[in-house]
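See below for the structure under consideration.
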Amino acid sequence: GEPPGDMRYGTAYTAEDIDHLLQEGTENLPGYDENGHGTKVASIAAGSALEDRNFIGAAPEASIAFVKLKPAKPSIRRLQQIPQDAVAYEEADMMLAVRYLDMLASELGMPLVICLALGSNSGGHTGATPLGLYLSEFARRAGRAVAAAAGNEGNQGHHFYGEIPPDTGYLDVELRVGANESGFQMNLWGNAPGIFSVEVISPSGEKIPRIFSRPLERQRYEFVFENTVLDLQYEQAEVISGDERLLLLFRDPTPGIWRIRVFARGDLDSSFHIWLPITGFISDDTYFLRSSPDTTVTEPANAEGVITFAGYDARENSIWLDSSRGLTRYQRQKPDLAAPAVEVSAIDRRGNAGTLTGTSAAAALGAGACALFLEWGIVRDNFSTMDSVTIQRYLIRGAARPPVFTYPNQLWGYGLLDLYGGFQAVSGSRASAL
């Protein structure tokens, strides 16, 4: 079709277009939701009241505009060892989606909440990715808000944190690789000003010798006794953060226990983080033996200005086991809040009542709360400069904080989402020490 506005690709469908297609009996509309995830997220955030299904969305009178992202290119998947059948998108397309929605909201003269139920372990987990920086700027604009899922990586074994002891000068990281693993990408981020390098030891004992990092160094190694090919890239100063990044890309890795021996030079910070790809991009049988559940909030939810939602089980008021945990690699507070994430009522793409489990559900509830704040602030002209950061502050002031914990923390952020408490904070009727 005809791309909207100044876009170079894509097609825009209005509500009238969609209704017309439905009246014609079209079952799978252009860009339909194949797996139902996006539909459930939208229904939780802004679904209409359905009395016969005992269902109502968080902001049921909000208008919905959505972008169906095009899947990541096969070449990109091969480059990053992402399975061809995995649900994966490119960061540039996500940025263009946000730009389109912003353009549409401006044309309609409406405030806008972006609900991001996607995440990645690429990037340094500081929010300083192109998408994260774009969202941080977007979030400071009046009438705009961003609600993001913290991720479901808290219990997956995909993160390792280590501090290299000065007496040995190195630390061994043990990685279990599953039998059906075709390949994966692993990112090591060193905290400045330390300088890091690695040796890689295969399950059979074959060793890739340590090389010292240079501003940009790429090496390819083919193991003699294995079928494995390892591409190793050193970046002494990653282009956005300036921190050191080591990229290890494994092809046809031998199953078993691999050892990544990490060395450090320098007399200050010798701590580092390693992230494997998120669930769905890697086998369930590939994980770190001594993993850390902390610093597992996915990108771009680490970005400043983005309101990041962890997930909890509202039936028991306990944190959901897989909910990603903070802080960021720079020790900034993330997540911001926790919202229900276990069997949250939703409507599927067939119109049937269902549930959704995951921090996507928490982000959807958070997005609905943001919409109600923007209705009060922008539409009803009570707070004409309200933006994502303003909403974030009111929500954390009004959050429910069970006294068992100290706040903020790595699991719950500043507490449980409480929209009524947020409006009490606006009126000054809710005392807060924050």
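Heavy-atom basis, side chains included; hydrogens, waters and symmetry copies ignored. Residues: numbered from 1 along the sequence shown.
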Inset, instruction - Report the distance from atom CD of E375 to atom SG of C370, rounding to the nearest 0.5 Å. - result: 13.5 Å
Inset, instruction - Verify the neighbour count for atom OH of Y221: are there more than 12 heavy atoms of other residues, nucleotides or ligands below 6.0 Å? - result: yes
Legend entry - Within-4.5 Å side-chain heavy-atom neighbours: R140 and S388: no
Legend entry - Polar contact flag, side-chain donor to acceptor under 3.5 angstrom, E206-S204: no
Legend entry - Non-hydrogen side-chain atoms of D387 and R141 separated by less than 4.5 Å: no
Only distances under 3.5 Å count here; give the side-chain donor-acceptor pairs of residues 44-61 to other protein atoms, sequence neighbours excluded, each with its distance to 0.1 Å.
residue, atom, partner, partner atom, Å
R53, NE, G351, O, 2.8
R53, NH2, G351, O, 3.2

Inset, instruction - Provide the closest heavy-atom pair for H37 versus D33 in the form atom of the first, atom of the second, distance. - result: N-OD2, 3.5 Å
Inset, instruction - Could you check if a side-chain atom of T298 sits within less than 4.5 angstrom of a side-chain atom of N121, using non-hydrogen atoms only? - result: yes
Legend entry - Close side-chain approach of M386 and W376, heavy atoms under 4.5 Å: yes
Legend entry - Test: K70 cationic atom under 6.0 Å from Y89 six-membered ring centre, within 45° of axis: no
Inset, instruction - Check step by step if side chain to side chain donor-acceptor pair (under 3.5 Å) holds for T286 and E181. - result: CA-CA 8 Å; T286 299; E181 190 64 70; 2.8 Å; yes
Inset, instruction - Could you name each residue pair satisfying salt bridge (Lys or Arg N to Asp or Glu O under 4.0 Å) that touches residues 294-313, not counting sequence neighbours? - result: D313-R315
Legend entry - Distance-only polar pair, side chains of Y100 and D6, donor-acceptor under 3.5 Å: no
Legend entry - Flag if over 12 foreign heavy atoms under 6.0 Å of CD, E222: no
Legend entry - Close side-chain approach of I18 and L29, heavy atoms under 4.5 Å: yes
Inset, instruction - To the nearest 0.5 angstrom, please state how far the OG1 atom of T308 sits from the CG atom of L116. - result: 9.5 Å
Inset, instruction - Check the side chains of E24 and H20 for a donor-acceptor pair under 3.5 angstrom, ignoring hydrogens and angles. - result: yes
I'd like a table of donor-acceptor pairs (distance under 3.5 Å, sequence neighbours excluded) in which one partner is a side-chain atom from residues 103-113, with atom names and distances.
residue, atom, partner, partner atom, Å
S106, OG, D102, O, 3.0
S106, OG, R144, NH2, 3.2

Legend entry - Residues T328 and K334: side-chain donor-acceptor under 3.5 angstrom: no
Legend entry - Any side-chain donor near an acceptor of the partner, H158 and S291, under 3.5 Å: no
Inset, instruction - Rounded to the nearest 0.5 Å, what's the gap from CZ on R259 to CG on L289? Could you check? - result: 12.0 Å
Legend entry - Exam field: side chain T357 to backbone V342, donor-acceptor pair closer than 3.5 Å: no
Inset, instruction - Flag the pair R99 / Y134 as yes when at least one side-chain heavy-atom distance between them is below 4.5 Å, and no otherwise. - result: yes
Inset, instruction - Write down the atom of T254, the atom of T228, and the distance for their closest heavy-atom approach. - result: N-OG1, 3.1 Å
Legend entry - Approximate separation, where rounding is to 0.5 Å, of R77 CZ and D85 CG: 8.0 Å
Legend entry - Shortest non-hydrogen separation from S271 to Y161 and the atoms involved: CB-OH, 3.3 Å
Inset, instruction - Report yes or no: do T359 and N152 form a side-chain donor-acceptor pair below 3.5 Å? - result: yes
Inset, instruction - Determine, using ring centers only, whether W189 and H273 are less than 6.0 Å apart. - result: no
Legend entry - Within 6.0 angstrom of D17 CG, more than 12 heavy atoms from elsewhere: yes
Legend entry - Aromatic ring proximity W412/Y407, centre distance under 6.0 Å: no
Inset, instruction - Tell me, please, which residues at least two apart from R176 pass salt bridge (charged side-chain N to carboxylate O under 4.0 Å, His left out). - result: none
Legend entry - Distance in Å, F281 CZ paired with Q185 CD, rounded so as to fall on 0.5 Å steps: 10.5 Å
Inset, instruction - May I ask you to decide if K40's main-chain N or O and D348's side chain share a donor-acceptor pair within less than 3.5 Å? - result: no
Legend entry - Ring centers of F423, F373 separated by less than 6.0 Å: yes
Inset, instruction - For S43 and I347, indicate whether the former's side chain and the latter's backbone hold a donor-acceptor pair under 3.5 Å. - result: yes
Inset, instruction - Classify the side-chain pair E2/T11 by whether it contains a donor and acceptor separated by less than 3.5 Å. - result: no
Inset, instruction - Kindly state each residue pair satisfying salt bridge (Lys or Arg N to Asp or Glu O under 4.0 Å) with at least one member in residues 316-331, sequence neighbours excluded. - result: D243-R329
Inset, instruction - Answer whether the closest heavy-atom distance between the side chains of H159 and F288 falls below 4.5 Å. - result: no
Inset, instruction - Measure the shortest side-chain to side-chain distance between S122 and T129 over non-hydrogen atoms and say whether it is less than 4.5 angstrom. - result: no
Inset, instruction - Check whether the side chains of E226 and S202 place a donor and an acceptor atom closer than 3.5 Å, and report yes or no. - result: yes
Inset, instruction - Could you pull out the closest heavy-atom pair between R251 and L79, with the gap in Å? - result: NH2-O, 4.3 Å
Inset, instruction - Could you tell me whether a side-chain N or O of R78 sits under 3.5 Å from a main-chain N or O of Q84, the two making a donor and an acceptor? - result: no
Inset, instruction - Can you measure from CD (E217) to CG (L246) and round to the nearest 0.5 angstrom? - result: 10.5 Å
Legend entry - Within 6.0 angstrom of N180 CG, more than 12 heavy atoms from elsewhere: no
Inset, instruction - Tell me whether the guanidinium CZ or amine NZ of R210 lies under 6.0 angstrom from the six-membered ring centre of F263 and within 45° of its axis. - result: yes
Legend entry - Partners passing ring-ring contact (aromatic ring centres under 6.0 Å, His included) against F138 (at least two apart in sequence or in another chain): none
Legend entry - E90 (side chain) donor-acceptor with K73 (main chain) under 3.5 angstrom: yes
Inset, instruction - Check each of L171, V198, D172 against R261 using the side chain to side chain contact (heavy atoms under 4.5 Å, CB included) test, and report the only one that passes. - result: D172
Legend entry - Residue pair A399 / L337: nearest heavy atoms and the distance that separates them: CB-CD2, 3.6 Å
Inset, instruction - Work out which heavy atom in P30 is nearest to a heavy atom in L21; give both atom names and the distance. - result: CD-CD1, 3.9 Å
Inset, instruction - Verify the ring-centre separation between Y287 and W258: is it less than 6.0 angstrom? - result: no
